[in-house]
Undergrad: 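Here it is, the structure in full.
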Amino acid sequence: MLAFIIKRFVQSIVVMLVVGLIAFVMFRFVGDPVDQMVGLETSIEDRERLRETLGLNAPLPMQYWNFISSAAMGDFGTSYQFKRPVADMLGDRLPATLELALVSAIFALCAGIPMGVFTALYKDSVLTKLFQAISLVGISLPTFLIGILLIYVFSVQLQKLPSFGRGEVVDIAGWSTGLLTVSGLKALILPAITLGLFQMTLIMRLVRSEMMEILRSDFIKFARARGLTPRAVHFGHALKNTMIPVITITGLQLGSIIAFAIITETVFQWPGIGLMFLQAVQDVDVPIMAAYLLMIAFLFVFINLIVDILYVVVDPRIRIEKA
Amino acid sequence: MSMNKETDEKMSVIARVLDSDIWYSFTRSKVTMVAALVTFLIFASALFAPIISPHDPFDLASLSLMDSLLPPAWNAEGDPNYLLGTDDQGRDVLSTILYGSRISLAVGLVSVAFAAVLGITLGLVAGYMGGRVDAIIMRVADVQLSFPAILIALLIDGTVNALVGGMDRERSAFTVLVISIGLSFWVQYARTVRSSTLVERNKEYVQAARLIGLHPFLIMLRHVLPNVMGPVLVIATINLALAVITEATLSFLGVGIPGTQPSLGTMIRTGNDFLFSGEWWITFFPGAMLAALVLAVNLLGDWLRDALNPKLR
């Protein structure tokens with residue numbers, strides 16, 4: 001058990017080092033860092049001095065080590081375009097993305113689970129057909145198209161909801177939140193639905209298939225035979241047992257939500273890290289790109305590690321297989 | 001005589017197809033038939049875009065700014081010349097959609113082919129060779145699988161564009177897109193092919209081939225490969241829809257196909273700027289085309305998966 005955790009942990013560190021290497025290569029070789037930082041008038045001596053202070057004359061493995069160790073301490077260098085530390089810029093924009101991701105995950109769960117349960121219980125209902133049609137559309141329509149559609153209906157035609165930005169935000173201990181003002185909440189609705197729709201269809205399909213399988217199992221038959229009410233059987237026994245895979249998948253999808261936020265944030269001009277990353281890609285602002293890459297990689301590796309360890313803790317069958 | 005034999009063989013192929021389980025399940029599912037028809041129509045119209053388009057959207061001489069932002073023809077201000085209206089540069093929306101779906105499909109098909117060739121090769125090698133080669137390839141695949149494909153495509157695309165930069169970007173956009181989408185989709189093929197190869201390589205025909213001293217390369221190519229291709233077809237179909245979505249998304253985000261020869265995603269990006277001033281048709285029609293294409297291909301892929309899965313029969 002401990003050996004497995006250590007092994008997974010070492011693997012995660014190796015993955016992070018490899019991603020760090022990619023980020024380092026990007027930072028070092030996509031354009032010259034010194035050229036990006038100074039103006040045209042800077043003399044060659046000044047450039048050389050900057051080169052020396054940045055440590056760009058050290059041997060490459062040494063430079064890689066410096067890059068990794070300062071990144072590990074949260075120093076990602078200075079943005080070429082904004083001349084500000086990348087870590088500060090990420091910090092400013094992180095709340096927006098996290099709030100959006102959180103609300104859309106809650107939306108996906110709150111809509112997806114009931115729809116999944118309903119379609120599993122009433123297979124021939126008209127509503128089931130409707131839900132399945134929605135899920136097919138949710139999987140087939142690209143995220144940005146859903147966003148544009150929502151904007152057209154609710155912002156252009158009905159003029160009920162804002163189509164861009166976060167609305168009014170309140171600053172609480174350095175965390176700017178839009179959850180406490182009316183305009184902030186209104187601004188959150190459309191982006192959260194856009195981002196959450198795909199996850200919602202995923203959860204709905206998962207709950208449906210898990211639920212249908214569990215409803216066929218012996219312990220459900222036994223529960224029915226004991227004369228429990230359908231309600232107790234469906235929700236107390238069946239739904240409870242579908243929750244384990246649902247929670248795992250939702251956890252694993254959290255990283256995806258933050259990655260897909262790039263698209264949603266672009267459509268709605270939501271001032272989060274995804275929009276910042278995309279602008280950095282267009283302007284070739286390599287420090288921001290590298291920092292974003294490292295951050296997302298860390299998030300994914302961390303989530304995967306936790307899920308893997310939880311699996312072993314929860315499911316004894318995996319433990320036997322490994323041993 | 002030989003002609004006769006050939007026609008006989010042809011007949012028997014058609015007869016075999018008409019007699020097969022797959023054809024039977026195809027004719028039983030109305031949704032699949034509609035999806036196939038839609039897919040066929042979109043492919044055909046994309047292929048013959050230069051012939052059937054009423055205008056040539058890339059012929060700068062025929063464009064006139066006087067004709068820009070015209071609504072569809074059934075509208076009072078519309079021009080019967082431009083059935084679905086015109087965009088901000090005076091390009092006919094219908095023609096641009098036909099040409100655009102041509103580009104979208106080309107990117108989709110080529111990148112799926114690229115991903116498939118890469119994935120199949122690595123999967124075959126990993127499964128047949130085993131050992132350290134297998135471990136390295138599959139480790140890379142595991143790591144890549146934990147990131148969403150769109151993110152990987154966006155990163156590769158962004159980095160390469162940064163390296164190429166400037167004017168060359170317009171010419172290299174297609175290649176860059178194909179490479180970044182292809183590199184983000186190969187894992188699925190590799191994993192599937194590897195697991196079937198692991199089963200196949202212990203079978204007697206492979207052992208026999210090895211005994212007569214065939215080169216491992218030849219065994220993989222001629223003997224193992226044909227027997228592991230089944231599931232690849234299903235993945236490729238579903239992947240085509242995904243690749244088209246990815247291309248559209250990247251183009252929409254402004255890092256894909258540039259506006260001079262727009263794909264469907266680029267057109268939606270352009271139209272998005274005009275949504276608030278009421279010119280909905282620039283976005284709507286390319287969007288509808290994209291949705292129809294992806295939905296139809298997805299439905300075909302779902303059907304194919306079920307039809308080829310012996311467990312569900």
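The chains referred to below are lettered A, B, ... by the order of the sequence lines, with proteins before strands, and numbering in each begins at 1.
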Undergrad: In terms of heavy-atom proximity below 4.5 Å to chain A, should Leu295(B) be classed as side chain, backbone, both, or neither?
TA: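 For Leu295(B), the contact with chain A is made by backbone and side chain together.
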Undergrad: Answer with side chain, backbone, both or neither: which region of Leu293(B) has an atom nearer than 4.5 Å to a non-hydrogen atom of chain A?
TA: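 Contact with chain A: none, neither part.
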Undergrad: Mind jotting down which residue pairs meet the side chain to side chain donor-acceptor pair (under 3.5 Å) criterion with at least one end in residues 239-249 of chain B? Sequence neighbours excluded, please.
TA: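 Applying side chain to side chain donor-acceptor pair (under 3.5 Å) to every pair that reaches into residues 239-249 of chain B, excluding sequence neighbours, yields Ser104(B)-Glu247(B), Tyr189(B)-Asn239(B), Glu247(B)-Ser251(B), Glu247(B)-Ser263(B).
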Undergrad: Anything under 3.5 Å between a donor and an acceptor, one on a side chain of residues 136-148 of chain A, the other on a protein residue two or more places apart or in another chain? List them.
TA:
residue, atom, partner, partner atom, Å
Ser140(A), OG, Leu136(A), O, 3.1
Ser140(A), OG, Asn298(B), ND2, 3.1

Undergrad: Which of residues 258-271 of chain A have a heavy atom under 4.5 Å from any heavy atom of chain B?
TA: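 At a heavy-atom separation under 4.5 Å, chain B is reached by Ala259(A), Phe260(A), Ile262(A), Ile263(A), Thr266(A), Val267(A).
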Undergrad: If I take atom OH from residue Tyr152(A) and atom CG from residue Asn272(B), how far apart are they, to the nearest 0.5 angstrom?
TA: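 Spacing of OH (Tyr152(A)) from CG (Asn272(B)) equals 12.5 Å.
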Undergrad: Please list all pairs meeting side chain to side chain donor-acceptor pair (under 3.5 Å) that have one or both residues in residues 30-39 of chain B, counting only residues at least two apart or in different chains.
TA: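 Pairs touching residues 30-39 of chain B that pass the test: Ser29(B)-Thr32(B).
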Undergrad: Side chain, backbone, both or neither: which part of Gln11(A) has an atom under 4.5 Å from a heavy atom of chain B?
TA: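 For Gln11(A), the contact with chain B is made by the side chain alone.
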Undergrad: Taking side chain as everything from C-beta outward and backbone as N, CA, C, O, which of these in Leu253(B) sits under 4.5 Å from a heavy atom of chain A? Side chain, backbone, both or neither.
TA: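 When you check distances to chain A, atoms from both the backbone and side chain of Leu253(B) fall under 4.5 Å.
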Undergrad: So what's closer than 4.5 Å to chain A heavy atoms on Ala291(B): side chain, backbone, both or neither?
TA: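 Ala291(B) touches chain A through backbone and side-chain heavy atoms alike.
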Undergrad: For Phe154(A), I'd like to know if atom CZ has over 12 heavy atoms of other residues, nucleotides or ligands within 6.0 Å.
TA: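 No - once you tally the heavy atoms of other residues, nucleotides and ligands closer than 6.0 Å, there are 12 at most.
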Undergrad: Is Leu290(B) close to chain A through its backbone or its side chain, or both, or neither, when contacts mean heavy atoms under 4.5 Å?
TA: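 The answer is the side chain of Leu290(B).
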Undergrad: When heavy-atom pairs shorter than 4.5 Å are enumerated against chain A, which of Ile268(B), Val244(B), Thr283(B) gives the highest number?
TA: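 So the answer, after comparing Ile268(B), Val244(B), Thr283(B), is Ile268(B).
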Undergrad: Can you say whether Ala297(A) sits under 4.5 Å from chain B via the side chain, the backbone, both, or neither, judging by heavy atoms?
TA: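 Both backbone and side chain of Ala297(A) come within 4.5 Å of chain B.
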